[in-house]
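We name chains A, B, ... by the order of the sequence lines, and we start the count at 1 in each one.
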Amino acid sequence: MVKPSIPQGTRDFGPEVVRKRGYIFKTIRDVFELYGYQPLETPAMENLETLTGKYGEEGDKLIFKILNNGLQDPKNRDKSREAFDNALEGKADRNLTERALRYDLTIPFARYVAMNHGQLTFPYKRYQMQPVWRADRPQKGRYREFYQCDVDVVGSRSLLNEVEMVGIYGDVFERLGMKVEIRINSRKILSALAALCGGPHRMTDITVAIDKLDKIGLEKVKEELTSKGIEPAQLALIETYLGIEGPNEEKLSRLGNLLGDSPLAREGIQEISYVLQFHPGREGLQADFTLARGLNYYTGLIFEVKSLQARMGSLGGGGRYDDLTGLFGVPDIPGAGISFGVDRIYDVLEELQLFPGDSFTGTQVLFFNMGEAEAAAAFGHMQALRGRNIRCEIYHEAAKLDKQFKYADKKRIAHAVIIGTNELAQGTCVVKDLRRGEQLTIPVNRLSGFVFEGS
RNA sequence: GUGGUUGUAGCUCAGUUGGUUAGAGCAUCAGAUUGUGGUUCUGAGGGUCGUGGGUUCGAGACCCAUCAUCCACCCCA
């Protein structure tokens, strides 16, 4: 006998949790469809080579790899040994593993587009809501299996796509009743900054460091930059850059003064203000030049969403990528996309108690079981109610009333229908509202038309 | 991958410098109550003390390892 358990960082979801998660999924899906996106699902596993090299060095380490079958087969033993030796050196080997669990939804989507670009109508707008897996160490808001909900559009360079994505973020979080901050920045601005601070190869070091500003503070960021070899004059520039505060327009114009000599930076600034002008009243939408985003395939505007009410990592992120399918041999399909982290959204909604009370949709009516013949009669009436789309169940055995009432309480069932010996003989039934404690006896033939209030 | 925290009944947790047969509340089940629940009262069941080693006359407690948990770092949703 083994003690039952589930792998680290994974969870079972009971009925209540599934319902609440369903509420989040539905909210997100409704908005996705409202904006004209179509669903897509891809396999849980991809060929390993589809995934490796797409998420940076750190990302590669976090990909869950699947061991090949048949390694122990005598005819494979030499190959298996060799493959294992390669694995010990940190090299992937097809003879050991050639498949892996999906790490996000964007790369599988790019793979799908590359495979099917001949059949798709562009711009192709898809949404996808599926689990992804990361071999990370679990902590607050971080799981090894979690759901992402992505929208992406490919085959269009229009900034209207980014405008709409801000709209999607805004609408979803508004519907969920959450106060969030939608931060927007441009990779173009970041690379212009990097160009002034030693060149494009400095981009990663710089962005990783400044991204931590609100977390570790200016001094620590400067320390980190210095340790990466940033010179004092460049450091001063970055400090001025990070010091830009104020309302969005002011920030943008001050950044223009600072980096305006760079055409690339001007482009980035212009794109941000273009998107902002479509959302004049959107609360929490702000330009944030410290925003970096880890994934190295972003090329234009980038987004990130954080809760203003709870301490939690980002609830979503995304941006523009100009050549994602190029990784799969199909160039010139630009795109943009954003992602929602359902599990983190769940944790925040739970912490703030923002789930609506009526998201519980269990059984509405419990038929009591009062004996063999009584139950048989009750069953027929129950089926009639089910035909009217009322959620019913009948107690599984003829237990004491006490027990059946307690069962109804536990499952928060609002109504009981009792057909006992007397009722059966008289052609009646008792309908009881369990929340009010009121009951009435009605002719059983009126049950099928009975209105069960508020359940 | 690095560092720390916690792990005792189904759940939440007590358990003294190592000392007899490991406790409480809630939950469960039974009864008080053979057709009316949520309250109350009585009683019962339920523990390899995460797992495996070690120290000791003696370990739930101390040491080592391991697994899980939560938290931080790295990174990220």
side-chain N/O [X] vs [N] OP1/OP2, d < 4.0 Å:
| X | N | value |
| --- | --- | --- |
| A/R311 | B/A72 | yes |
| A/Q139 | B/A72 | yes |
| A/K403 | B/C29 | no |
| A/Q8 | B/U69 | yes |

In whole angstrom, what separates A/R144's CZ from B/A77's P? 17 Å
Roughly, in whole Å, what's the span from CD in A/E224 to C1' in B/C74? 10 Å
For a quick check of understanding: with a heavy-atom distance under 4.0 Å over all strands, which category does [X] fall into, base, sugar-phosphate or nothing?
| X | answer |
| --- | --- |
| A/G318 | nothing |
| A/V132 | nothing |
| A/G56 | nothing |
| A/Y407 | nothing |

Could you tell me how far [M] sits from [N] if I compare only their [atom1] atoms? Round to whole Å.
| N | M | atom1 | result |
| --- | --- | --- | --- |
| B/U12 | B/U69 | C1' | 16 Å |
| B/G4 | B/U40 | C1' | 47 Å |
| B/A14 | B/G7 | P | 8 Å |

Between A/Q439 and A/V431 (side chain of the first, backbone of the second, donor and acceptor by atom type, cut-off under 3.5 Å), is there such a pair? no
Nucleotide of B/C76, B/G37, B/G3 approaching A/R137 most closely (side-chain heavy atoms): B/G3
Using the ring centroid of each side chain, check whether A/F367 and A/Y395 are separated by less than 6.0 Å. no
Should [N] form a Watson-Crick or G-U wobble pair with both distances under 3.5 Å, which nucleotide is its partner?
| N | answer |
| --- | --- |
| B/A65 | B/U51 |
| B/G58 | none |
| B/U28 | B/A44 |

Is any NZ, NE, NH1 or NH2 atom of the basic residue among A/R99 and A/E46 found under 4.0 Å from an Asp or Glu carboxylate oxygen of the other? no
5' priority, RNA chain B, between A/G437 and A/K410 [closest heavy atom]: A/K410
For residues A/E145 and A/T10, is any side-chain donor paired with an opposing acceptor at under 3.5 Å? no
Under a 3.5 Å threshold, yes or no: a donor from one side chain and an acceptor from the other, between A/D152 and A/Y37? no
What is the ring orientation for A/Y55 with A/Y103, classed by angle as parallel under 30°, tilted 30 to 60°, or perpendicular over 60°? tilted
Aromatic stack A/F340/B/A77: centroid gap under 5.5 Å, interplanar angle under 30°: no
Polar atom pairs (N or O), protein with nucleotides 31-36 of chain B, under 3.5 Å:
unit_1, atom_1, unit_2, atom_2, d
B/G35, O6, A/T421, N, 2.9
B/G35, O6, A/N422, N, 3.2
B/G35, O6, A/E423, OE1, 3.2
B/G35, N1, A/E423, OE1, 2.8
B/G35, N1, A/E423, OE2, 3.0
B/G35, N2, A/E423, OE2, 2.7
B/U36, O2, A/K432, NZ, 2.8
B/U36, O2, A/Q439, OE1, 3.2
B/U36, N3, A/Q439, OE1, 2.9
B/U36, O4, A/Q439, NE2, 3.3

Who passes side chain to side chain contact (heavy atoms under 4.5 Å, CB included) against A/T204, sequence neighbours left out? A/V208
The side chain to side chain contact (heavy atoms under 4.5 Å, CB included) partners of A/K400 (sequence neighbours excluded) come to none
